[in-house]
Number of protein chains: 2
Amino acid sequence: MEKVGIHWSETERQRAGNTKTMKQYIGIDLGGTKILAGLFDEQMNCLERIKEKTGSKKAPEYVIPKILKSIDDLLSKAGLRTSDITAMGVGAPGSIDTLNGVVLFSPNLNWTQVPIVKMLNEKLPFPVLVENDCNVSTLAVHEMEYKSKPASMVGIFIGTGIGSGIVIDGKPYHGFNRTAGEIGHMVIASGGPKCGCGNSGCFEAVSSRKAIFREIKKAISKGETQFYKRANKVNKDLKSGDFRKAIAAGDKVTKRIVIAAARSIGIATGNIINLLCPEVIVFGGGIIQALEPVMMPVIAKTAQSYAMTGTAVGIKLAATHLGDDAGIIGATVMAKKFCKK
Amino acid sequence: MEKVGIHWSETERQRAGNTKTMKQYIGIDLGGTKILAGLFDEQMNCLERIKEKTGSKKAPEYVIPKILKSIDDLLSKAGLRTSDITAMGVGAPGSIDTLNGVVLFSPNLNWTQVPIVKMLNEKLPFPVLVENDCNVSTLAVHEMEYKSKPASMVGIFIGTGIGSGIVIDGKPYHGFNRTAGEIGHMVIASGGPKCGCGNSGCFEAVSSRKAIFREIKKAISKGETQFYKRANKVNKDLKSGDFRKAIAAGDKVTKRIVIAAARSIGIATGNIINLLCPEVIVFGGGIIQALEPVMMPVIAKTAQSYAMTGTAVGIKLAATHLGDDAGIIGATVMAKKFCKK
């Protein structure tokens with residue numbers, strides 16, 4: 001799978017194999033559903049990559065061994081040993097104490113106060129850092145797609161939920177409780193749809209995959225669209241790709257719902273411009289990956305119309321093309337930048 | 001007028017008069033309605049203070065001479081000369097290029113690209129800095145009311161409009177176009193009341209003095225409240241103090257409307273906690289000054305319920321008590337901190 005910013009070829013693998021004195025790094029993207037692990041060289045070439053299911057048992061005593069197994073598999077695929085690794089970064093969902101290497105609170109993993117770095121360091125001879133998954137993905141985009149290294153940048157990741165990463169003065173911004181970036185729970189439609197968090201009108205409740213899915217289910221039950229019936233998807237958990245297929249097949253109801261979600265993303269983006277005025281706002285996550293051509297023009301136009309005069313001049317809004325690799329790349333960038341061996 | 005953080009007494013004036021070798025600073029709060037000028041010593045004692053109307057003619061050729069006159073009056077009241085002043089700061093409404101000393105865009109003054117620092121420097125022998133008015137007010141609170149100097153802080157100023165100042169890493173944050181902090185136009189109630197900016201559902205459209213006034217006018221016209229008729233205020237432009245008086249007199253309609261505005265402020269505050277997680281969020285402006293006891297508990301409770309689990313722990317929410325002096329104090333703090341003579 002070739003991605004922007006990553007060169008992944010047999011030649012690269014051989015080169016890496018031939019130069020064991022080079023520095024190698026590992027990036028882990030730890031999610032509630034899957035664990036992605038990537039092996040990178042100093043030039044950020046991806047040498048190997050592994051995907052594991054996180055599994056239903058999410059307690060650290062089950063998940064940590066899975067991470068260690070991913071690392072083992074990665075190294076044996078590459079013919080390397082742990083001593084060949086300079087440092088490793090982990091992107092994890094939730095609020096993270098990066099200084100002490102602790103996952104403070106992660107609803108996706110059902111973790112509270114898990115000292116992940118200490119637990120990994122007991123088994124690994126190289127330094128490990130942990131950071132919020134949206135922050136590492138934003139860092140990945142910052143380093144790999146924006147060579148000008150913008151001083152300020154916000155990454156908005158729209159999938160089943162919505163999260164964000166904030167870069168200020170060229171580095172991840174965490175805030176007082178290290179929880180900054182919970183953009184999915186910025187209220188933009190007070191009194192609007194119920195959110196999973198218990199409140200209503202959150203950005204996530206109007207623009208996430210869950211929100212689009214909810215509106216499509218309503219439309220199906222009202223008989224407004226026949227597409228999902230024809231596609232035998234009526235009682236399925238619809239994915240971002242299903243929405244794309246529906247629009248490609250000319251389903252106007254799905255298009256209307258997706259465009260309404262894009263408008264809300266544009267309003268949220270206008271909020272970010274008015275409040276933080278970052279140089280770059282980048283969009284990622286499953287929904288954007290699947291629906292970029294339909295959504296991005298609507299997002300940009302809406303954001304522009306909600307931004308105050310003069311606030312949006314020269315600000316770049318764009319989708320990232322790092323795709324699923326943003327997490328492992330960002331975790332590796334962090335390991336390279338901030339780990340001292 | 002005694003204010004928290006400012007000592008203003010005859011003794012101080014005499015002390016200042018006796019120690020002309022001390023460093024003195026001037027802070028200017030340039031508003032669309034009035035110009036406040038304050039003279040401060042090194043210890044941030046306010047030695048003198050002047051208030052001028054900005055006047056209806058707001059072009060720089062009218063306003064700059066008014067600022068210069070304020071400075072003259074201030075100095076002659078204190079028996080000082082321009083050579084006794086170390087530096088001066090100006091807080092101005094709108095987006096400001098602090099590096100080049102230019103007011104980029106100010107709707108309140110109807111200014112575009114006004115090189116205010118250059119214009120003042122032509123007449124004044126001491127260095128001058130200019131900064132956004134909400135940023136200087138936030139800086140004032142940061143320096144004078146929070147001696148611990150929190151790393152991150154947001155000041156939310158609720159008056160006729162709503163603005164904010166952001167402090168990150170202990171210094172004002174400006175963003176790419178130097179326009180950061182336009183919190184009044186953060187949409188929190190998409191599809192809600194029309195805002196002066198042309199959009200709808202902005203924070204300013206639901207929580208500012210204008211928004212409260214609009215709701216009270218509606219209630220008056222529906223005959224829901226008789227208070228304003230009795231007070232002979234029906235066709236008047238109601239001020240924050242009028243709302244306070246109505247509530248003090250037991251007018252339940254005003255209380256309901258003010259509490260609804262406070263709830264919206266709480267939602268906006270929850271957004272700030274979720275997004276930026278600053279150590280301190282401070283509230284100022286005419287509405288808060290007049291209605292703190294009614295509004296602050298509602299703001300705090302609502303913000304808490306909209307903040308995600310763990311994000312609000314230990315964050316301080318409080319009203320500033322610097323009042324009208326926040327602008328001149330903050331402008332002076334800036335002059336002291338950042339001006340090199």
Side-chain angles (χ1 to χ4, degrees), chain A residues 94-95 104-105 107 112 150-154 164 166 168-169 171 173-192 197-199 201-203 206 263-264 267-268 270-280 305-316, chain B residues 94-95 104-105 107 112 150-154 164 166 168-169 171 173-192 197-199 201-203 206 263-264 267-268 270-280 305-316:
Chain A
S95 57
L104 297 172
F105 178 63
T112 305
S152 53
M153 180 166 165
V154 173
S164 78
I166 302 173
I168 286 178
D169 281 339
K171 47 186 204 294
Y173 170 81
H174 300 101
F176 182 61
N177 288 314
R178 313 196 70 76
T179 56
E182 283 284 7
I183 199 175
H185 303 284
M186 171 171 75
V187 172
I188 63 172
S190 181
C197 74
N199 289 315
C202 296
F203 179 23
V206 291
R263 261 196 221 107
S264 297
I267 290 174
N271 283 0
I272 296 299
I273 296 173
N274 285 330
L275 197 65
L276 288 180
C277 195
E279 188 172 342
V280 176
S305 84
Y306 276 85
M308 293 292 286
T309 310
T311 58
V313 180
I315 290 182
K316 285 179 207 74
Chain B
S95 58
L104 298 172
F105 178 62
T112 305
S152 54
M153 180 165 165
V154 173
S164 79
I166 302 173
I168 287 178
D169 280 340
K171 47 186 204 295
Y173 170 81
H174 299 102
F176 182 62
N177 288 314
R178 314 195 69 75
T179 56
E182 284 283 8
I183 199 174
H185 303 284
M186 172 171 74
V187 172
I188 63 172
S190 180
C197 74
N199 289 315
C202 295
F203 178 24
V206 291
R263 261 196 221 107
S264 297
I267 289 174
N271 283 0
I272 296 299
I273 295 173
N274 285 330
L275 197 64
L276 289 180
C277 195
E279 187 171 344
V280 176
S305 84
Y306 276 85
M308 292 292 288
T309 310
T311 58
V313 180
I315 290 182
K316 286 178 206 76

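All chains are named by letter (A, B, ...) in the order of the sequence lines, taking the proteins before the strands, and each is independently numbered beginning at 1. Given the structure is predicted, the values throughout are model-derived calculations rather than measurements.
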Is it the backbone or the side chain of [X] that comes under 4.5 Å from a heavy atom of chain A, or both, or neither?
X: B/L104; answer: neither
X: B/I168; answer: side chain
X: B/L275; answer: both
X: B/T309; answer: both
X: B/Y173; answer: side chain
X: B/I183; answer: both
X: B/A268; answer: neither

Picking from [options], which has the most non-hydrogen pairs under 4.5 angstrom with chain A?
options: B/V206, B/V313, B/I273; value: B/V313
options: B/I315, B/I166, B/T311, B/V280; value: B/T311
options: B/V154, B/N199, B/D169; value: B/N199
options: B/C277, B/G175, B/G310; value: B/C277

message: Tell me every residue that passes salt bridge (charged side-chain N to carboxylate O under 4.0 Å, His left out) with A/K316, counting only those two or more places apart in sequence or in another chain.
response: none
- line: Note: A/N274 and A/M308 closest approach over all heavy atoms is OD1-N, 2.8 Å
Leading residue by heavy atom contact count with chain B [cutoff under 4.5 Å; candidates A/A180, A/S152, A/C197, A/G192]: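 Of the options given, most contacts go to A/A180.
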task: Scan for side chain to side chain donor-acceptor pair (under 3.5 Å) pairs involving residues 176-189 of chain B, sequence neighbours excluded, and state none if there are none.
output: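 For residues 176-189 of chain B: B/T98-B/R178, B/H174-B/R178.
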statement: Rounded to the nearest 0.5 Å, the CZ atom of A/F203 sits from the CD1 atom of A/I188 at a distance of 6.0 Å
- prompt: How many angstroms lie between atom CG of A/N271 and atom SG of B/C202, to the nearest 0.5 angstrom?
  reply: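 Answer rounded to 0.5 Å: 8.0 Å.
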